[in-house]
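Accompanying notes for the structure given below.
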Protein chains: 2
Amino acid sequence: MNGRFAISMHILTLLAKANGEWVTSDFLASSVNINPVLVRKELSNLRNKGLVISREGKNGGSMLAKPASQIRVSDVFLATRQGAFLGTSRNIPNPDCPVGKQINKHLDTLYEEAENALIQQLGDSTLDSFSRRFD
Amino acid sequence: MNGRFAISMHILTLLAKANGEWVTSDFLASSVNINPVLVRKELSNLRNKGLVISREGKNGGSMLAKPASQIRVSDVFLATRQGAFLGTSRNIPNPDCPVGKQINKHLDTLYEEAENALIQQLGDSTLDSFSRRFD
DNA sequence: TAAATCTGTAACAATAAACAGAACAGTTAT
DNA sequence: ATAACTGTTCTGTTTATTGTTACAGATTTA
C-alpha cells in the first residue's frame, strides 16, 4: 500500500494548525519531507474531494475548505483510498474452478463489510481532535 | 497494497473445501492462476502462523492445521499483513517541524485503533462460514 | 506593466516492490 | 530406483510509486 493517507493526514494537520492562513506547498513539502510537486498532487486530490481550497499566484497556497471539526478521518480515508484496501491479486482466478470462479465476488462482500467497520471507527475522529493531540 | 490476503484466502478456501485431503501447490496455483512457487511461499507463511500443515514427498501437499470453523478471517489478516495497513510514507518527516516531529507517533495510535476495529469485524467470520458461501 | 511568487500539470527518470520462472536439493510413496 | 512432491534460492521482468524538471497560468506588489 502506498503512503497517500499518511501524507494527506500530515498535510491536513498542518493546514488545521495554520488556522486560516494560506500555506504554500513548499512549506508543506519541507515538513513532510517530500517533493513539492507530490504535495500539490495530493492537494489536487484533496481539493477535488472538497477538503481543501487553494489560491494561485503570489501569496497563494492552500487551506482547509471547512473547519477541522467538520472533517472526519474517515473522509480522509475515503479521499485517499484506491481500490480494495485489503488488496487484490492482479491475476484472474481460474474460471473453471468452482472456487476461483466465485472468490472475487465473495472477497468483495467481505471487504465491504470490513471497510464499513473501518470507516465507522475512523469517523469517530475528526481532524480537529487529531490535530489537538500535538503539543 | 499487494494481494497476499486475497491469495491466502483463496488458498485456505480451497483447503477448506478439500476437507482433509492433501492438496498440491500445483492444484492451488492453477485455481489462483499464479506460479506454484508463489503459492508455496504463501503456504510457508501460513504454516509459520499455524494455519496449515504440509507434507513433503510423493502424494504430499497441504491441508488446514485445524478445523475451518476455528480459523477466523482476522487470523488470515494478521498472518498476511505487513506494516501499517493504512500505509506509511517512506520519507522521514522533518524533525524540526512540530507536526513532522510527532506525526508518526500519532498516526501509529490512529492506526492501532482502526486496526483493532477491523480485526474485531474480521473476527466475526470464520473460514468455515466464508467457504460455505460458495455454491 | 513588469517582476516576483505562487499554483497546476505534464512528461519523464529513478527507485522500489511485486511477481514469474528456472533450477535444484531434499523427502516420501511405491 | 523412480516418480511425484515440497522448500528454497536466485535472477529476470513487470508494475507501482516517488522524484525531478520544466513551464504555462494566476495573482500580488511596486
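Residue numbers begin at 1 in each chain, while the letters A, B, ... track the order of the sequences.
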Check the distance between [N]'s [atom2] and [X]'s [atom1] and give it to me in whole angstrom.
| X | N | atom1 | atom2 | result |
| --- | --- | --- | --- | --- |
| B:Ile53 | D:dC5 | CD1 | C1' | 16 Å |
| B:Asn48 | D:dT6 | CG | P | 16 Å |
| B:Lys41 | C:dA18 | NZ | C1' | 10 Å |
| B:Glu42 | D:dT6 | CD | P | 15 Å |
| B:Asn45 | D:dT8 | CG | P | 12 Å |
| A:Glu56 | C:dT9 | CD | C1' | 11 Å |
| B:Arg40 | C:dA23 | CZ | C1' | 11 Å |
| A:Phe5 | D:dT18 | CZ | P | 15 Å |

Could you tell me whether [X] contacts a base, only the sugar-phosphate backbone, or nothing, with contacts defined as non-hydrogen atoms closer than 4.0 Å?
| X | value |
| --- | --- |
| A:Asn35 | base |
| A:Leu43 | nothing |
| A:Ser62 | nothing |

OP1 or OP2 of C:dC19 under 4.0 Å from side-chain N/O of A:Asn91: no
OP1 or OP2 of D:dT8 under 4.0 Å from side-chain N/O of B:Ser44: yes
Pair A:Arg47, A:Ser54: side-chain N/O donor-acceptor within cut-off below 3.5 Å: yes
Pair A:Asn45, A:Lys49: side-chain N/O donor-acceptor within cut-off below 3.5 Å: yes
Side chain of [X] only, please: which of [options] is the nearest?
| X | options | answer |
| --- | --- | --- |
| A:Lys58 | C:dA29, D:dA22, C:dA4 | C:dA4 |
| B:Leu38 | C:dT28, D:dA22, C:dA20 | C:dA20 |
| A:Arg47 | C:dA23, C:dA29, C:dT9 | C:dT9 |
| A:Val37 | D:dA22, D:dC5, C:dA29 | D:dA22 |
| B:Ser54 | C:dT9, D:dG7, D:dA4 | D:dG7 |

Over all atoms of both residues, closest heavy-atom pair of A:Val23 and A:Phe27: CG1-CD2, 3.5 Å
Heavy-atom pair of closest approach, residues A:Gln70 and A:Asp75: O-OD2, 4.1 Å
Which residue lies more 5' along DNA chain D, comparing A:Pro36 with A:Arg55 via nearest heavy atoms: A:Pro36
Same cluster (ILVMFWY, side-chain, under 4.5 Å), A:Ile103 and A:Tyr111: yes
